[in-house]
2 protein chains.
Amino acid sequence: MNGLAHFTAEEIKKARRYAIATPPPDLDPRIGALVHELIGRVADKWTMLVLEVLTEHGELRFTRLSEMVSGVSQKMLTQTLRHMERDGLLVRTVHPVVPPKVEYRLTGLGLTLGAAFCGVWVWASENLDEVEQARRTFDAR
Amino acid sequence: MNGLAHFTAEEIKKARRYAIATPPPDLDPRIGALVHELIGRVADKWTMLVLEVLTEHGELRFTRLSEMVSGVSQKMLTQTLRHMERDGLLVRTVHPVVPPKVEYRLTGLGLTLGAAFCGVWVWASENLDEVEQARRTFDAR
DNA sequence: TTCTATACTTACCAAAAGGAGAGTGTTGGA
DNA sequence: TCCAACACTCTCCTTTTGGTAAGTATAGAA
């Protein structure tokens, strides 16, 4: 009745260390599509990095953020922050002073998303060697 | 000493429901870079969908996969499968018959990655409404 | 002999992503 | 008077992404 029947108990046990819940049954395919769109929007490179530094440092200004998110261009940082604000992941506070001062901090929603990505981050750091080994094997034909 | 000091206990408690571990301290920045590259490689649209259908259905042939991963082109499916094979996420079995028969199934590594993405999937399905509400509010200026 | 099934591969092309660098507005300080 | 500071915004351009459609190989069926 469950889709995991073709895996060994050992494999499933190991997988459970990463799982925080069983996959939702996802009755309505439209929900699936929306969820998938949302994941695509939210799972991109810069969003993940911004999530990470804001979780670590709380509230940051634009220039400070651009220093901490290594390699990001002004254009991409602005774009990413606007999307995240629109999705309710962070709040943008403008202080009407000269020179301008704008602060960004995560909302509760942003914080929980960061936590959800944590599992993927942990997986990646734990399995880095295994992936690299697989690549070497593959590349050697 | 921990970066979560600027959030309320309530927010952190909610976040913990998604977290399966605290973020790794990530001493070496090179590790961080590698992990990030790996996440970027692995977190893309088609990889996530292939992971999902293979977790659900076990072993599948190319044509069957292309039917189940809705919207994927032959080109992208081939490309995604090759990358996943190279990274050790799945095994590709070629049966030397005519017409050709090729089967794909996840490795243990692939299964654990699917589990790790589970948290993000759950977050997305649980918070879909809240994100859509935030967007409406934002778009209304 | 021609058709079908399967799993691709290749060529071509349009669209989207994303980087570099210059420009903007405001005010207090040298 | 001119410059610095900050948070962008805009334009131009290159790179990447991804879709469509056609081609390939092979053996058995019609």
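The chains referred to below are lettered A, B, ... by the order of the sequence lines, with proteins before strands, and numbering in each begins at 1.
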Q) Around atom CZ of Arg86(A), are there more than 12 heavy atoms of other residues, nucleotides or ligands at under 6.0 Å? A) yes
Q: May I ask you to evaluate whether Thr63(A) reaches the phosphate of dA7(D), defined as a side-chain N or O under 4.0 Å from OP1 or OP2?
A: yes
Q.
Can you measure Leu77(B) atom CG to dT9(C) atom P for me and round it to whole angstrom units?
A. 11 Å
Q: Would you mind reading off the distance between Lys75(A) atom NZ and dG23(C) atom P, rounded to a whole angstrom?
A: 18 Å
Q: Provide, to the nearest angstrom, the distance between the CD atom belonging to Glu67(A) and the C1' atom belonging to dC8(D).
A: 16 Å
Q) Taking atom C1' of dC8(D) as reference, at what distance in whole Å does atom NE2 of His95(A) sit? A) 16 Å
Q. In whole Å, what is the span from the CH2 atom of Trp46(B) to the P atom of dT16(D)?
A. 21 Å
(Q) Would you say Arg82(B) places a side-chain N or O within less than 4.0 Å of OP1 or OP2 belonging to dC8(C)? (A) yes
Q) Rounded to the nearest Å, what distance is computed from the NZ atom of residue Lys101(B) to the C1' atom of nucleotide dA27(D)? A) 16 Å
(Q) Check this one for me: any side-chain N or O of Ser73(B) less than 4.0 Å away from OP1 or OP2 of dG19(D)? (A) yes
(Q) Would Gln79(B) and Arg82(B) count as a side-chain hydrogen bond (donor to acceptor under 3.5 Å, both in side chains) here? Give the steps. (A) CA-CA 5 Å; Gln79(B) 204 175 97; Arg82(B) 284 297 132 75; over 6 Å; no
Q) If only atom types and distance count, is the side chain of Glu126(B) paired as donor or acceptor with the main-chain N or O of Trp123(B) below 3.5 Å? A) no
Q.
Let me spell it out: for each of Pro100(B) and Met76(A), pick the nucleotide of DNA chain C with the closest heavy atom. Which residue's pick is nearer the 5' end?
A. Pro100(B)
Q | Atom of Leu4(A), atom of Arg16(A) and distance for their closest heavy-atom approach | A | CD1-NH2, 4.3 Å
Q: Tell me what Arg64(A) touches on the nucleic acid: a base, only sugar-phosphate, or nothing, going by heavy atoms under 4.0 Å.
A: nothing
**Q.** Angle of first-five versus last-five pair axes in the helix from dT1(C)-dA30(D) to dA30(C)-dT1(D), to 10 degrees
**A.** 40°
(Q) Between Tyr104(B) and Gln79(A), which residue's closest nucleotide on DNA chain C lies nearer the 5′ terminus? (A) Tyr104(B)
Q. When rounded to the nearest 0.5 angstrom, what is the spacing between NZ in Lys45(A) and OG1 in Thr47(A)?
A. 12.0 Å
Q | salt_bridge(Arg64(A), Glu67(A)) N-O dist < 4.0 Å | A | yes
Q) Starting at CG of Asp44(B) and ending at P of dA17(C), how long is that distance when rounded to a whole Å? A) 14 Å
Q. Do Glu59(A) and His6(B) meet the criterion of a side-chain donor-acceptor pair at a distance under 3.5 Å?
A. no
(Q) I want to confirm an ordering. Mapping Pro99(A) and Gln74(A) to their closest nucleotides on DNA chain D, which one lands closer to the 5' end? (A) Pro99(A)
Q) How long is the line joining CD of Glu85(B) and P of dA7(C), in whole Å? A) 15 Å
Q: Considering just the side-chain nitrogens and oxygens of Arg61(A), establish if one lies under 4.0 Å of OP1 or OP2 belonging to dC8(D).
A: no
